[in-house]
There are 2 protein chains.
Amino acid sequence: MRRTQQREAILGFLKVTRAHPTAEQTHAAVRQGMPSLSLGTVYRNLGRLLDEGLVRELPAGPQGRRYDAVLEPHHHFFCTRCGKVEDVYPGLPSTVKEAMIRSIDREVTQFRLQFFGLCESCARPDNQDREVSERCQR
Amino acid sequence: MRRTQQREAILGFLKVTRAHPTAEQTHAAVRQGMPSLSLGTVYRNLGRLLDEGLVRELPAGPQGRRYDAVLEPHHHFFCTRCGKVEDVYPGLPSTVKEAMIRSIDREVTQFRLQFFGLCESCARPDNQDREVSERCQR
DNA sequence: GTGAATGCAAAACTTTTGCATGTAA
DNA sequence: TTACATGCAAAAGTTTTGCATTCAC
C-alpha cells in the first residue's frame, strides 16, 4: 500500500482521536491541515485501511458509520439518545473469552462487546428535555 | 400504537425469519402477500417498532442496516466476506455478564456480543475464488 | 516511467419526509 | 369522527465510481 500524505493524515487522525468519527467528520478534521482533501479520498482510504485491518468500523448510528484506529484493546458503549460512542474496558477473563469463542464453533477473527444505554450527559435529569444538539458532543 | 395490517405483517415477518433482513429485503418479502406495501411504510414501521423495543437493529453491513425481532436471547456472527449475519448462542455465565456490565459503570439497557469471521460457505476452499453472489445466501 | 492514489463531480444507494388519502379505534 | 398510518414521490443524506491528473516508488 502506497504511503500518501492523505492516507497518513487520515490514519494518523483516527489513531489519536477518541471520538469515533464518521467519514464526514474525519474529512472535516483532516482537511484543516490539508484543505484540498476530498471526501471521496476519505472514503477510499477508509475502505483500503479497513481491508488492511488498520481501521475498525463501528455500527452506523444516526450519522452514518463510524471509525477508529485505536490499537489498544477496548470495547464500546453507544448512547441510544445522542449517538455518541465511548470506549469502555469491561473486565472479561481471557479464559472466559476464549471459551466463548470456542463455543460458537466458527473461525472467529474478531470479537466485540457492545453496550447500549444513555451517556452521562443524556442521562442527567436537567438535560432530559433539551435537544441533543444543545448539550451533547457527538 | 395502532395495529395496522402492514405493521402486523412486518413484525410477523421479522419474528420468524432468521435472515436478519435489510429494510429493502423486508419490503420485498412482506410485499409478496401485500403488493401495495410501500418501502416508506417499512422504514416508518421499523423506526416505530425500534422505539417500542419490539425490533432490534444490527450494524449496517454492505447492504445497509439489518433488523430482527427474534425474542429469544442470542448474539451474532458476521461474515466479513459476504455480509451474512448468523445467530449464535455463546456460553457466558450470567455472573460474568453482570460483573462485566457493572465494571463499565454506566446505565446499560442492552448488551451484545458480536463475532466476526468467515461463514461456513465463504470459508470453504472451493469457494475462495467464486463471486459472493454466486455461492452465498445473504 | 508507471501504476496507484487523488480531486472533482456525477451517480447510485439508503433513509427520511410532505402531502393527500385511507383506516383503526 | 378523528388522529394515526399509508402510498407515492420528492428530497436529503451517505457512499461509490468514472475520469483526467498527480504523485510515490
Side-chain angles (χ1 to χ4, degrees), chain A residues 1-14 19-52 54-67 80 82-83 85 131-133 138, chain B residues 1-14 19-52 54-67 80 82-83 85 131-133 138:
Chain A
M1 190 166 51
R2 193 171 283 187
R3 277 183 59 152
T4 65
Q5 293 189 359
Q6 289 84 343
R7 184 163 295 158
E8 299 278 296
I10 291 166
L11 183 56
F13 172 68
L14 291 175
H20 311 89
T22 61
E24 179 68 51
Q25 291 166 342
T26 301
H27 180 228
V30 179
R31 195 136 92 126
Q32 312 237 85
M34 186 183 279
S36 69
L37 180 71
S38 74
L39 184 56
T41 292
V42 171
Y43 273 106
R44 266 187 284 234
N45 274 288
L46 288 172
R48 205 75 185 63
L49 293 165
L50 235 28
D51 289 346
E52 301 288 325
L54 298 171
V55 159
R56 291 205 291 177
E57 190 177 65
L58 301 175
Q63 301 92 27
R65 300 175 191 175
R66 292 169 169 276
Y67 301 87
T80 51
C82 74
V85 182
E131 278 301 314
V132 164
S133 56
R138 285 171 296 179
Chain B
M1 191 165 51
R2 192 173 284 187
R3 277 184 58 153
T4 66
Q5 293 189 0
Q6 289 84 344
R7 184 163 295 158
E8 299 278 296
I10 292 166
L11 182 56
F13 171 68
L14 291 175
H20 311 89
T22 61
E24 180 68 50
Q25 291 165 342
T26 301
H27 179 226
V30 178
R31 196 136 91 128
Q32 311 237 85
M34 186 184 280
S36 68
L37 180 70
S38 74
L39 184 56
T41 293
V42 172
Y43 274 105
R44 267 187 285 234
N45 274 290
L46 289 172
R48 203 76 184 61
L49 294 165
L50 234 28
D51 289 347
E52 301 288 326
L54 297 171
V55 159
R56 290 205 292 177
E57 190 178 65
L58 300 176
Q63 300 93 25
R65 302 177 189 173
R66 292 169 168 277
Y67 300 87
T80 52
C82 74
V85 182
E131 278 302 313
V132 163
S133 55
R138 286 171 293 179

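Computed over heavy atoms, backbone and side chain alike; hydrogens, waters and symmetry mates excluded. Quick caveat: nothing in here was measured; it's all calculated off a predicted structure.
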Of Arg7(B) and Pro35(B), the one whose closest DNA chain D nucleotide lies more 5': Arg7(B)

Pairs flagged by salt bridge (Lys or Arg N to Asp or Glu O under 4.0 Å) wherever residues 35-45 of chain B is involved - sequence neighbours left out: none

Arg48(B) CZ - dT16(C) C1' separation (whole Å): 16 Å

Partners passing side-chain hydrogen bond (donor to acceptor under 3.5 Å, both in side chains) against Glu52(B) (at least two apart in sequence or in another chain): Arg48(B)

Distance in angstrom units between Leu37(B) CG and dC8(D) C1', rounded: 13 Å

Listed nucleotide nearest any side-chain atom of Gln6(A), set dT6(C), dG7(D), dA5(D): dT6(C)

Leu49(A) CG - dA4(C) C1' separation (whole Å): 14 Å

Residue list, side-chain hydrogen bond (donor to acceptor under 3.5 Å, both in side chains) with Ser38(B), at least two apart or on another chain: Thr41(B)

Partner of Leu11(A) by side chain to side chain contact (heavy atoms under 4.5 Å, CB included), out of Leu46(A), Val55(A), Val30(A): Val55(A)

Partner residues of Tyr43(A) under the side-chain hydrogen bond (donor to acceptor under 3.5 Å, both in side chains) criterion, sequence neighbours left out: none

For Ala29(A), side chain to side chain contact (heavy atoms under 4.5 Å, CB included) partners two or more places apart: Phe13(A)

Value in whole Å for how far the C1' atom of dT6(D) lies from CD of Glu8(B): 15 Å

Arg56(B): salt bridge (charged side-chain N to carboxylate O under 4.0 Å, His left out) partners, not counting sequence neighbours: Asp68(B)

CD1 on Ile10(B) to CG on Leu54(B), rounded to 0.5 Å: 12.5 Å

Five-pair end axes of the helix from dG1(C)-dC25(D) to dA25(C)-dT1(D), angle between them (10°): 50°

d(CG, Asn45(B); P, dC4(D)) in whole Å: 15 Å

For Glu8(A), side-chain hydrogen bond (donor to acceptor under 3.5 Å, both in side chains) partners two or more places apart: Arg3(A)

Below 4.0 Å: OP1/OP2 of dT6(C) and any side-chain N or O of Ser38(A): no

Spacing between Arg66(A) atom CZ and dT15(D) atom P, to the nearest angstrom: 11 Å

Per-nucleotide protein contact string for nucleotides 16-25 of chain D (B base, S sugar-phosphate only, - none; heavy atom under 4.0 Å): BBB----BBS

Length of the CZ-C1' vector between Arg31(A) and dT6(C), whole Å: 14 Å

